[in-house]
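Letters A, B, ... are given to chains in the order of the sequence lines, protein chains preceding strands, and every chain is numbered from 1. Values reported hereafter were calculated over all heavy atoms of this structure, with side chains retained and with hydrogens, waters and symmetry mates removed. Since we're looking at a predicted model, the values are computed, not measured.
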Amino acid sequence: MSMPLLSLITFLPLAAAVLLIFFPKDRKRLLYGFALGVTVAVFAASLILYFGFDSAAAGPQFVERTAWLGFGIQYHVGVDGISLFLVLLTTFLLPLVLLSSWSYIRERIKEYLIFMLLLETGILGVFLSLNLFLFYVFWEAALIPMYFLIGIWGGKRRVYATMKFVLFTMAGSLLMLAAIFTLSSLFFKATGTYSLNVFDQARMVLNPRLQTWLFLAFGLAFAIKVPMFPFHTWLPDAHVEAPTGASILLAAVLLKMGSYGFLRFAIPLFPDAVERFLPVLSVLCLIGIIYGGLMALIQKDIKSLVAYSSVSHMGLVMLAVFSLNVEGTLGAIYQMLNHGLSTGALFLAVGILYERAHTRLIRDFGGVSKQMPVFSAFFLIAVLSSAGLPGLNGFIGEITCLYGVFAANKVYAALAVTTLILGAAYLLWMFQRVMQGPVTNEKILSFPDMSWREIACFAPIVVLMFWMGIAPRAFTGKMDASVTAYVHRIKGRERVFVQKAVPSPVSFRLDAEERLPR
Amino acid sequence: MRDLFWLIPFPPAASALALILFGRFLSRKWVTIQACGSVLVSFLLSIFSFAGLFGSAGESLPWIKILSPWIKAGAFGADFGFQFDPLSAVMVLVVTGVGLLIHVYSVGYMAHDKGYTRYFAYLNLFMFAMLLLVLASNMVLMFVGWEGVGLCSYLLIGFWFERKSASAAGKKAFIVNRIGDAGFLLGLLFLLTIVGSSDFTAINGAVRGGTIGGGLATLIALLLFVGATGKSAQIPLYIWLPDAMEGPTPVSALIHAATMVTAGVYMVARLNVLFGASGSAGDVVAIIGAATAVFAATMALTQNDIKRVLAYSTISQLGYMFLGCGVGAYAAGVFHLATHAFFKSLLFLSAGSVIHALSGEQDMRKMGGLRKYLPRTYPPFLVGAIAISGVPFLSGFFSKDAILTSAFAQGKTILWALGLAGAIMTAFYMFRLIFMTFHGPERISEEAKSHLHESPKVMTVPLAILAVFSIIAGYVGLPAILGEKADLFRRFLAPVISPAAEARALSIGAEGLLILASAGAAFLGIFVAYLFYIRSPHLPQALADRLPFVHKLLYNKYYVDEAVGAVVIRPLIRGSDLVYSGFDLKVIDGAINGSAAAAGFFGKALSFLQTGFVKDYAFAFLLGVALILGVFLF
Amino acid sequence: MTVPAGYFFVLSLVLFVLGIVAFFVKRDLISQFMAIEVMLNSANLAFLALARQAHFADAQVVVFFIITVAAAEAAIGLAIVLVIFRRRKSIRTADLNSLKG
């Protein structure tokens, strides 16, 4: 390991943010140029990850590990097939998000850019951390910039929305912190050493009752973030109030932190508890799919429509995660990326509309296609991608997810396919009311079509949508080994059953050749 | 030729891509050449491949070409693979042949439209998706084409999206199709998990090998058939097709008559081994088909919009195809698909010519006597009407008769009788259309009359070609009464259709009677139409007055759209609204805001302890220390 | 001659109690502040006595810490008192209750 690539990727935005403090605040071009340059550089660096990634290896790669605070708290980062594309998605979207903010953000540009860069560091840290404590630090750190982004640049009810957003997520993560400390002490009791490394922790076999409580603590934090029904109500509020750029990142990446948390932590650490809660969780997911779809159908604000569509889509993702098989997990990760692209694109489109009309209510629009044909094409592609049309990315994710769910439980799959119908219904109905029909509002006649800058934001996402729809193996190929190993770890674990009289809270096997690093 | 068949879908794809990306830089002439030329290339490739099938006797069928692996996730996988066999050949020839003629026709029809380039981009895209559908070697890729044609249908129905009705119709078509697709996808998932692959050869192998059979086969077949009812507009998902007439008329001809809507029939025929393995799935298909054939025909009886008559007619004819497949006569079903593609697209295009001539008028009550104004449209229109009515010696007669005969031979006498009743109605409403449009007194508005003109050659020549095919296409599938080898079409398809699924033979006498019955039905329908609309034109009104309830019911299409709105859509929206305001905002957010308010309340309540005086705090501090010390010491 | 450690402890205790009493009796911030200093130093005394008796150097280190902290506290505390006086023209604790909930 010659270059600390992951640290570079993670902390370059942070360093840039610090540097930005010293920039003059009214030189818009300079500020944007610098921030854009940095995010593009981060993306370029993350591409090295993609090309250097060994798709045959299941374990984490590009690992960096140094002592930090002691007591098992290490700076330990690495990327594997599960996190690789989430990292890439983040670094890919950030420059586009900044570019899309050019005309939307009119005041406090410098601060806006600083918070965006801080947010990138936070998110990347979450996806790269292999140490529970480090993960927690980044998890919370990502929350703070988002709080400011919505709170300062948001809409009218931004204070309510940010409070709700922060309190929801904080409530979840507080319990998670307690659970992390519990795990740490349990591990010490079992082995006499401290480790918060997720892979070490996953080898600890906890008794099911303990697992249940710890899982609930972790699961709550993640479920709120996803968000799973019934913890979803913060999402529409946050989205409606957030500026376009923050909305894109919130939907495209921040929500993935929740589903990623399940994949990386909650499920591998507490497999017995997951198994026990599987029916409840799956039913919640199914409710989320249908409920989110129905709620999206009747929203009057385009943004909250897209927000509820996220609830629905993430419901499918989580359902696939809980199918606990290779296809479902792979599909879930793929669908996470798809959802990131399609929902990001949808929010981008809504932002473009909002900049022209200064409203997001569906009834204020009508016949926009006539005035903005290029935009109409992009918007339609985003809509179709979100609706899972074959040929675009959404389809591959959806069908793979459904395959996994179907293989695990046919009834769940039968209920989950309603997403196909509902997704088409709410998206196309919205598209019809906003973009088609006669022009209802004189203001629409003065809308200019997309500018080159807006096309530059949108086009890369669209290209990627087609690419992921036509050549999915460029992506799934890299995930395969890690996902397969993940599923084998869960399926092939040592099972502990309640009825077996094992009173000790922790039992731990240490094989001679598998000694833990001290 | 073996190696080239997989190229068939790609010329239109390339053309569509070019038109979408660079269309604004291309001249109208170039757009025309490119759009039509690409389909011509596909058509030529299809002919070569078709010819190749004959030269390759003994070679194993189907030809398979795997371009590259596509999806791979654990046990789930699918390839970019194409296959070619007689069934694909028939479909490909129909799609590219009719498609080519409709492309050419569109050059004239859309000549004055601002969206000329966009139109041809969509049309080319449709050709690609449709060819992908019929050439895919596995069901996942087929599903891509399946949804792709749905997308193009959505785009083309809503082509004039400034019209609210057009955009609503497009959306409706897509969503209703999605309902079917959900069922289709479930069936596909069953196949994928059980067979471990969605290749048609693997599926057939699994069914033949007994992996899938009995109830499971029925379940899968019926789930897939749900998809077919959506795409091919059968009961109960037919409701989108009449609305789809909002699209340009050539689109109605290509997508909503000749090709896309037959995808369901193609799928059932393609999976005939599976449908045959299930005892009752075929019955369901046949019953739905026959019911749709009659039900849609009754609705066509009273419509006044020329395109809507044809739309209900299409639904009805698709019902016949399913009836054929359902009783095991897959070859007959596909045969009807092919002949129907000719005469129905002919009818639509002729209707388009009429509409074009009348500057967009579609109401038959405002036509009449057009025969002398449209001398080059009338004959082909008449040929199409005769063909679809089942008058002997034209294509529709042979294919419809083959289906009805098979139904009868299978002992499904009721279905046969339904089909026959439908045939009478078909002849009636088609000739009602002809008489109202071309005969009788002129009821044309002055405005339309001043612009009245025959369509240009680019539109009428395709009509003539289609008319020729509508006459002769039937002769490749002559009835068995003329000898064992008369049915060339069935023999051609034999390698694809599992022989056990075919109908058993009837005696010559019985078959002769059936043929006479079919022919009689056609003539009866035509005669009644003549009676009603030429001899004594007051009769329809008199009949409507005598049976007001029936007339109202038919005229309003059994109020199905209204019922769907009242029973499904509005309750769904209103219920969601209630849940949103009642549950999401009140219960969940109420709980959240309530707990926030509760925290605030307790904070207020306890705030009396917070006096703000340092000494009070210090005193509390002292008390605390004393307390702790006390615990430790005592 | 050595003084027994107990004497130091008694002295420390007396100082500490004096500090507490002074804190509650006095009404101005400066005096209360001085009372706190007395308490801190009584604690220092106890630490040092312990260190000498047990020959234990750690306690002396703690004393250094306390002295440092006390110094910092004095610097900031007095500054705060000054600011309060400037604003309120009073440093009587009875006048200061803006932290009331």
Determine, stepwise, if the pair B:L185 / A:E398 fulfils side chain to side chain contact (heavy atoms under 4.5 Å, CB included). CA-CA 11 Å; B:L185 193 63; A:E398 227 163 59; 6.0 Å; no
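- Side-chain contact between B:F161 and A:F431: absent, with no pair of heavy atoms (C-beta onward) separated by less than 4.5 Å.
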Start with the C-alpha distance between B:Y154 and A:L380, add both sets of side-chain angles, then the distance that settles side chain to side chain contact (heavy atoms under 4.5 Å, CB included), and finish with yes or no. CA-CA 12 Å; B:Y154 164 78; A:L380 184 62; 4.1 Å; yes
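- With respect to chain A, the highest number of heavy-atom pairs below 4.5 Å among B:N177, B:D577, B:V587 belongs to B:D577.
- Contact of A:L330 with chain B is made through the side chain alone, with heavy-atom distances under 4.5 Å.
- Within the 4.5 Å cutoff, side-chain heavy atoms of B:F174 are placed close to those of A:L389.
- When each of B:L188, B:T193, B:I71 is checked for a side chain to side chain contact (heavy atoms under 4.5 Å, CB included) with A:Y403, only B:T193 meets the rule.
- Within the 4.5 Å cutoff, the side chain of B:F76 has heavy atoms near those of the A:I399 side chain.
- Note on A:A413, A:P438, A:G404: by heavy-atom pairs under 4.5 Å with chain B, the leading option is A:P438.
- Closest heavy-atom contact between B:A182 and A:I421: CB-CD1, 3.8 Å.
- Contacts of B:N593 with chain A are made by side-chain atoms alone, with heavy-atom separations under 4.5 Å and no backbone atom involved.
- For chain B, the nearby part of A:V326 is the side chain; its heavy atoms alone come within less than 4.5 Å.
- Annotation: A:K300, atom NZ; neighbour count of heavy atoms from other residues, nucleotides and ligands within 6.0 Å does not exceed 12.
- Interface remark: B:L223 contributes no atoms to any contact with chain A (heavy atom separation under 4.5 Å).
- Distance check, rounded to the nearest 0.5 Å: NZ of B:K72 to CZ of A:R473 gives 8.0 Å.
- Between A:T400 and B:A73, the shortest heavy-atom distance links the atoms CG2-CB, 3.5 Å.
- For the pair B:I573/A:W429, a side-chain contact is recorded, criterion being any heavy-atom separation below 4.5 Å from C-beta on.
- No part of B:R574 comes within reach of chain A, as not one of its non-hydrogen atoms sits under 4.5 angstrom from that chain.
- With hydrogens and angles ignored, the 3.5 Å screen pairs a side-chain donor or acceptor of A:E327 with a backbone N or O of B:A75.
- Within a 6.0 Å radius of NZ in B:K164, no more than 12 heavy atoms belonging to other residues, nucleotides or ligands are found.
- Residue contact with chain B, scored on non-hydrogen atoms closer than 4.5 Å, involves the side chain of A:V374 exclusively.
- Residues B:I588 and A:F231 are not in side-chain contact: their nearest non-hydrogen atoms beyond the backbone lie 4.5 Å or more apart.
- Closest of all the heavy-atom pairs between B:S167 and A:G437 is OG-N, 3.9 Å.
- Residue contact with chain A, scored on non-hydrogen atoms closer than 4.5 Å, is absent for B:A596.
- Only the side chain of A:Y308 comes within less than 4.5 Å of a heavy atom of chain B; its backbone N, CA, C and O stay farther away.
- The CG atom of A:L297 sits 9.5 Å away from the CD1 atom of B:I569 when rounded to the nearest 0.5 Å.
- Only the side chain of A:L384 comes within less than 4.5 Å of a heavy atom of chain B; its backbone N, CA, C and O stay farther away.
- Between chain B and the residues A:S369, A:G367, A:A171, the most heavy-atom pairs under 4.5 angstrom are made by A:S369.
- Relative ring orientation between B:F583 and A:Y291 is described as perpendicular, the plane-to-plane angle rising above 60° on a 0-90° scale split at 30° and 60°.
- The two residues B:I175 and A:A425 have their closest heavy-atom pair at CD1-CA, 3.4 Å.
- Proximity to chain A is absent for every atom of B:I20, based on heavy atoms less than 4.5 angstrom apart.
- Looking at B:R178, its side chain does come within 3.5 Å of a backbone N or O of A:L420 through a donor-acceptor pair.
- Using a 4.5 Å cut-off between heavy atoms, A:L422 does not touch chain B at all.
- Contacts between A:D237 and chain B at a heavy-atom distance below 4.5 Å involve the side chain alone, from C-beta outward.
- Contacts between A:F475 and chain B at a heavy-atom distance below 4.5 Å are absent for every atom of the residue.
- Scanning both residues, B:V144 and A:P390, for their nearest heavy atoms gives CA-CB, 3.5 Å.
- Between A:F395 and B:W70, the ring-plane angle classifies as parallel under the 30° and 60° cut-offs.
- A 4.5 Å side-chain heavy-atom check between B:F80 and A:I470 finds at least one atom pair inside the cut-off.
- Of the inter-residue distances, the one linking B:S576 atom OG with A:I290 atom CD1 reads 11.5 Å to the nearest 0.5 angstrom.
- Heavy atoms of B:I592 lying under 4.5 Å from chain A belong exclusively to its side chain.
- The closest side-chain heavy-atom distance from B:D589 to A:K164 is below 4.5 Å.
- Looking at heavy atoms from C-beta onward, B:V579 lies in side-chain contact with A:M295 at the 4.5 angstrom threshold.
- With a threshold of 4.5 angstrom between heavy atoms, A:T484 does not approach chain B through any atom at all.
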